[in-house]
**Student:** 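Below is one structure. I have some questions about it.
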Amino acid sequence: MSAVLVVNSGSSSIKYQVIHAESGERLADGLVERIGESSQGRIEHRAEKRVERELAIPDHTVGFAEMVAAFAEAGAPIESLDISAVGHRVVHGGSEFIAPTLIDDRVAERILALAELAPLHNPGHHAAIVAARATFPELPHIAVFDTAFHQSMPESAYTYAIAPEVAAKHGVRRYGFHGISHAVVSRRAAEHLGKPVESLKQIVLHLGNGASMCAIDGGESVDTSMGLTPLEGLVMGTRSGDIDPGVIFHLLRRGETVDSIDTLLNKRSGFLGFTGSNDFRDVREAAARGDHDAKLAIDVYVHRARHYLGAYLAVLRGADTIVFTAGLGENAPDLRARVCAGFEWCGIHIDPELNEAPDRGARVISTADSTVTVLVVPTDEETEIARQTIATV
Ligand code: AMP
């Protein structure tokens with residue numbers, strides 16, 4: 001009975017989990033952080049025993065060596081866990097990676113080349129992939145892409161209305177993200193209802209610190225709110241989401257720089273920009289105290305999400321399910337109720353008691369006579385990466 005090592009890495013961190021291939025049980029997990037930074041690095045490993053340590057971690061190779069040491073120190077050496085593959089989460093797979101892919105030297109190089117489209121993510125993935133392949137040379141390494149699920153979008157949905165030769169030259173099109181989450185959540189919603197995923201039209205709202213929505217027809221993504229980068233679409237913890245591109249030219253002409261606008265829209269907007277906190281719980285508390293900007297932040301958030309909900313009902317020509325997931329989607333019943341309110345005319349009826357119930361697992365929150373079934377389904381990207389890794393091996 002084998003296990004998968006799931007790796008979710010950034011430029012300065014490695015998050016990992018060991019997941020049992022058949023049962024989905026987590027055997028261990030941990031985090032190596034502050035890799036290559038001037039301050040001390042840190043590793044935290046959780047298995048039956050917990051290990052925590054601060055030390056210099058100059059690069060990802062040392063990060064993986066420390067991770068292996070932490071397994072041993074916790075009393076369950078990594079060799080004892082019968083790991084049969086390593087699954088790497090990769091944010092951007094461009095147009096060329098439409099499925100999980102066995103990593104060889106060429107694939108690793110292509111992932112690095114795609115840093116052009118994902119400068120904040122793919123270089124860190126590449127560094128971790130090189131280090132992990134050197135640490136575990138005998139294991140197959142699989143790249144699981146956040147963009148792959150959306151490669152089924154029709155041309156009309158992924159094309160920006162700019163000259164095709166310019167778009168082609170620079171790889172400018174909509175790719176979409178959170179695909180691993182949209183895939184697992186839509187499949188689990190179907191399982192919960194006892195229906196084949198192929199028979200359902202679904203709208204998934206992944207509302208976390210990053211947020212995106214996806215229209216899914218018969219298990220395939222046909223539209224999603226994120227675009228060339230994870231900036232387009234919904235309001236997020238620190239990202240603006242949709243904005244008139246003219247705003248960028250206006251700010252440039254007024255003396256801002258490309259980098260300052262990039263930082264503004266990606267890191268200093270959304271809930272954080274309105275209120276000083278990217279956490280919805282803080283925003284909600286401030287709104288309850290009567291803070292105008294906090295109330296406005298939630299109003300804009302809800303307005304945008306409803307905009308996309310209406311759009312995807314049109315794209316799909318009606319829906320069988322609406323599925324909420326991720327931090328806010330799973331834990332903010334007030335937000336769920338506001339996003340769905342006023343859609344009764346197209347058959348969406350939330351049951352207030354079911355919506356407010358403090359349950360944790362997959363559950364229905366619409367009334368028995370609601371034409372559209374509304375669900376909350378916890379996302380589980382790591383288990384999905386493990387599943388896709390095993391399926392590919
Ligand atoms: P995620 O990126 O999916 O981990 O989501 C993180 C975000 O979910 C946090 O920044 C909060 O805004 C939100 N969140 C987490 N827990 C709760 C909660 N109990 N109630 C409301 N919002 C929550």
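Start at 1 with the first residue, then count along the sequence. Side chains included, hydrogens not; waters and symmetry mates left out as well; all remaining heavy atoms used. Quick caveat: nothing in here was measured; it's all calculated off a predicted structure. All ligand and atom numbering here is 1-based and tracks the order in the structure.
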**Student:** Can you list the atoms of ligand 1 that are under 4.0 Å from a heavy atom of Leu328?
**Tutor:** 7 (C), 8 (O), 12 (O), 13 (C)

**Student:** Are any of the N/O atoms in His206 less than 3.5 Å from those in ligand 1?
**Tutor:**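 N/O-N/O distance under 3.5 Å: no.
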
**Student:** Output yes when Arg254 and Glu256 qualify as a salt bridge under the 4.0 Å nitrogen-oxygen rule, no when they do not.
**Tutor:**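 Looking at Glu256 together with Arg254, the answer is no, because their closest N to O distance does not fall below 4.0 Å.
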
**Student:** With heavy-atom distances below 4.0 Å as the criterion, list the atoms of ligand 1 near Arg284.
**Tutor:**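 Under 4.0 Å from Arg284, ligand 1 has these atoms: 20 (N), 21 (C).
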
**Student:** Which of the atoms in ligand 1, numbered in the order shown and given with their element, are less than 4.0 Å from a heavy-atom of Ala326?
**Tutor:** 3 (O)

**Student:** For Asn209, take its heavy atoms, then give the atoms of ligand 1 lying under 4.0 Å from any of them.
**Tutor:**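 Near Asn209, meaning under 4.0 Å from one of its heavy atoms, ligand 1 has 1 (P), 2 (O), 5 (O), 6 (C).
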
**Student:** For Gly208, counting its heavy atoms only, list the atoms of ligand 1 lying under 4.0 Å from any of them.
**Tutor:** 1 (P), 2 (O), 3 (O), 5 (O)

**Student:** Phe280 heavy atoms, cut-off 4.0 Å: which ligand 1 atoms fall inside?
**Tutor:** 11 (C), 12 (O), 21 (C), 22 (N)

**Student:** How far is atom 18 (C) of ligand 1 from the closest protein heavy atom, and which atom is that?
**Tutor:**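 Closest protein heavy atom to atom 18 (C) of ligand 1: Asn331 CB, 3.3 Å.
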
**Student:** Among protein heavy atoms, which sits nearest to atom 3 (O) of ligand 1, and what does the distance come to when rounded to 0.1 Å?
**Tutor:** Gly327 N, 2.9 Å

**Student:** Apply side-chain hydrogen bond (donor to acceptor under 3.5 Å, both in side chains) to Gln151 and list each qualifying residue two or more places apart in sequence or on a separate chain.
**Tutor:** none

**Student:** Between Arg174 (side chain) and Leu228 (backbone), is there a donor-acceptor pair under 3.5 Å?
**Tutor:** no

**Student:** What protein heavy atom lies closest to atom 11 (C) of ligand 1? Include the residue and the distance to one decimal.
**Tutor:**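 Sorting protein heavy atoms by distance from atom 11 (C) of ligand 1 puts Asp279 OD1, 3.3 Å first.
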
**Student:** On the 0 to 90° scale, with breaks at 30° and 60°, tag the His303-His307 ring pair as parallel, tilted or perpendicular.
**Tutor:** perpendicular

